[in-house]
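Only this structure's heavy atoms are used, side chains among them; waters, hydrogens and symmetry mates stay out. Since the structure is predicted, the reported quantities are computational estimates derived from the model, not experimental observations.
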Amino acid sequence: MSSSRRASDAVVQSASTRSGLNPARTRLDNGLVLLAKRTSTTPAVAINLAIRAGSASDPAGRPGLTWLLSRVIDRGTATRSAADIAEELDSRGITLTIAVTRHLFSLVCTCLADDVEPVLALLADIVMAPSLPDAEIATRKGEVITAIRQDDDNPAVRATEALMALLYPNDHPYGRRTKGSIGIVESLAREELRRQHAERFAPVELSAVVVGDVDPERAGDLVSRVFGGWHTPSAPPLPLAPAGRASGRRRVVLPMMNKSQADIAYGFVAARRRDPDYYACWLMNNVFGQYSLGGRLGDSIRERQGMAYYVSSTLDANVVEGPLAIRAGVSPANVDRAVASIDREVAAIVADGITQKELDDSRRFLVGSIPRALETNAAIANFLQTAEFFGLGLDYDVRLPDLLGAVTLDEANAAARRILDVDRATVVIAGPYQD
């Protein structure tokens, strides 16, 4: 056995012996799931509510509906005005973050332990009974339209959105713009927002995570008190087609001649979160475009060749096959050289694979980063929410080092060969550049 393999095993074995988060999991009679974890580092509590009603649930032809709902849902309820909600939050020093991903609609905040009961009651009111006032909808539409215009003027956003549309065509939810378009947002009506909430928000679709200075039993009592009477029927299942691989190489240029920097988005349909080789894909991508200052991509294109302002790759494994996307920002004069260099790095990792040292270094880094990623109540709550959504288990934080440790060099290199192929790459260039 090599010394690098022994060192990697030692890291994994050490991580596997820790006690873990051990959250308490409860399912209410109405189907709502609560995960509660007591920590006493500070007298504060992180609350993370996630409803399985993300942008993938937008009706056909109406992308942006869920995003607009997220901007207006906290602007009044059946019993509270927008000013009342703002006062309740501001008087307690709370910032409420409302976010939308492909599959989740989330409300996240941190409060003092003494305030957890009224804050949970407020959040429940926002989730269950938003009033969606017409005046607030008009205001938020204006804000969303401004954000879309800013996105349309941003080469990095344009390149990424175009890449996703090419990888996930035919109105696939992963290929749609989360915020929608200006025309669609302008046409959205209050009744559509009300219907989306009525159809997609239900207790069986909600996972509540409470982490901090509150006993799990008390957290359960409070959540049951504010959500237990909610009995909206479950949402209809979402049709979500598997994503297919590209049959050939594609290249699209979006000229934005008034910009100073060109942005490249280069990618592939890659992996599902529950794929057996997910951890091999994760480690392979860390070597390729994450480790240290951008992995192999960063070392070659940014550090040694000095061509890119930034370059990295991300793996967004999801319910169906998510993308592996390479992103780079370069001078317009370096676009062709940068794309050629990405091609060479893709071809090299497919043909020659990563080395055992690269695998062990990345594995050691990822295992070592787990405790750092769980240092705050909010981070723990987010981790538990992700584990619940993907069905990873209550002991996932304990098993994760072993899952990474079990990946062999052959498996990591097989993942590269499965996903990466220069002749099937989709390339988008946005900025002051023309073919």
Side-chain angles (χ1 to χ4, degrees), residues 101-102 151 154-164 166-167 174 251 254 259-271 273 278-318 321-332 334-350 353-355 357-359 361-370 372-373 404 412-413 415-416 418-422 424-431 433:
T101 64
R102 297 294 181 190
D151 288 346
N154 185 321
V157 174
R158 290 280 304 278
T160 299
E161 290 185 341
L163 174 68
M164 294 297 289
L166 289 166
L167 293 177
Y174 288 12
R251 176 182 166 110
L254 305 174
K259 300 298 176 183
S260 60
Q261 173 179 308
D263 286 85
I264 300 166
Y266 178 124
F268 309 88
V269 171
R273 186 61 182 76
Y278 166 73
Y279 298 96
C281 295
W282 185 9
L283 281 161
M284 179 275 294
N285 181 65
N286 188 264
V287 172
F288 184 52
Q290 289 287 312
Y291 183 74
S292 187
L293 295 176
R296 286 187 175 189
L297 290 169
D299 180 63
S300 170
I301 299 170
R302 185 174 185 271
E303 298 303 312
R304 287 192 280 114
Q305 298 183 64
M307 273 196 299
Y309 306 118
Y310 72 89
V311 61
S312 65
S313 64
T314 57
L315 175 66
D316 184 19
N318 216 315
E321 295 84 350
L324 188 154
I326 300 161
R327 296 179 180 86
V330 302
S331 163
N334 288 330
V335 167
D336 293 331
R337 289 177 57 212
V339 172
S341 291
I342 294 172
D343 284 341
R344 284 194 295 272
E345 293 301 325
V346 169
I349 198 170
V350 170
I354 65 175
T355 67
K357 182 180 185 305
E358 287 176 316
L359 177 62
D361 286 347
S362 282
R363 181 175 12 234
R364 190 176 296 108
F365 170 78
L366 292 176
V367 170
S369 70
I370 296 171
R372 295 193 297 273
L404 290 166
N413 288 330
R418 179 175 75 80
I419 295 171
L420 305 174
D421 184 344
V422 168
R424 293 188 178 189
T426 298
V427 185
V428 179
I429 302 158
Y433 173 86

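Legend: residues meeting side chain to side chain donor-acceptor pair (under 3.5 Å) with Asp343, ordered by chain and number and at least two apart, are Arg249, Tyr266. Applying the side chain to side chain donor-acceptor pair (under 3.5 Å) test to Asp263 and every residue at least two apart in sequence or in another chain returns Gln261, Tyr310. For Glu345, the side chain to side chain donor-acceptor pair (under 3.5 Å) criterion is met by Ser300, not counting sequence neighbours. For the salt bridge (Lys or Arg N to Asp or Glu O under 4.0 Å) test, no residue two or more places apart in sequence or in another chain qualifies with Asp316. A search for salt bridge (Lys or Arg N to Asp or Glu O under 4.0 Å) contacts involving Arg158 returns nothing, not counting sequence neighbours. Taking the side chain to side chain donor-acceptor pair (under 3.5 Å) definition, one finds that Arg304 meets it with Asp299, sequence neighbours left out.
When atom types are taken as modelled, the side chain of Arg102 and the backbone of Tyr174 share a donor-acceptor pair closer than 3.5 angstrom. Side chain of Arg418 to main chain of Ala270: a donor-acceptor pair is present (N/O by atom type, distance under 3.5 Å, no hydrogens or angles).
Between Gly267 and Leu163, the shortest heavy-atom distance links the atoms N-CD1, 3.7 Å. Annotation for Tyr433 and Pro332: closest pair CD1-O, 4.1 Å, computed over non-hydrogen atoms. Ala416 and Ile349 make their closest contact through CB-O, 4.2 Å (heavy atoms, listed as atom of the first residue, atom of the second, distance). Summarising the geometry of Gln290 relative to Ser312, their closest heavy-atom pair is NE2-CB, 4.2 Å, with the distance given to 0.1 Å. Between Ile354 and Ala412, the closest heavy-atom pair is CD1-CB, 3.9 Å.
A salt bridge links Asp336 with Arg251: the distance from a Lys NZ or Arg NE/NH1/NH2 to an Asp or Glu carboxylate oxygen falls below 4.0 Å.
Donor-acceptor pairing under 3.5 Å is lacking for the side chains of Arg372 and Ser369.
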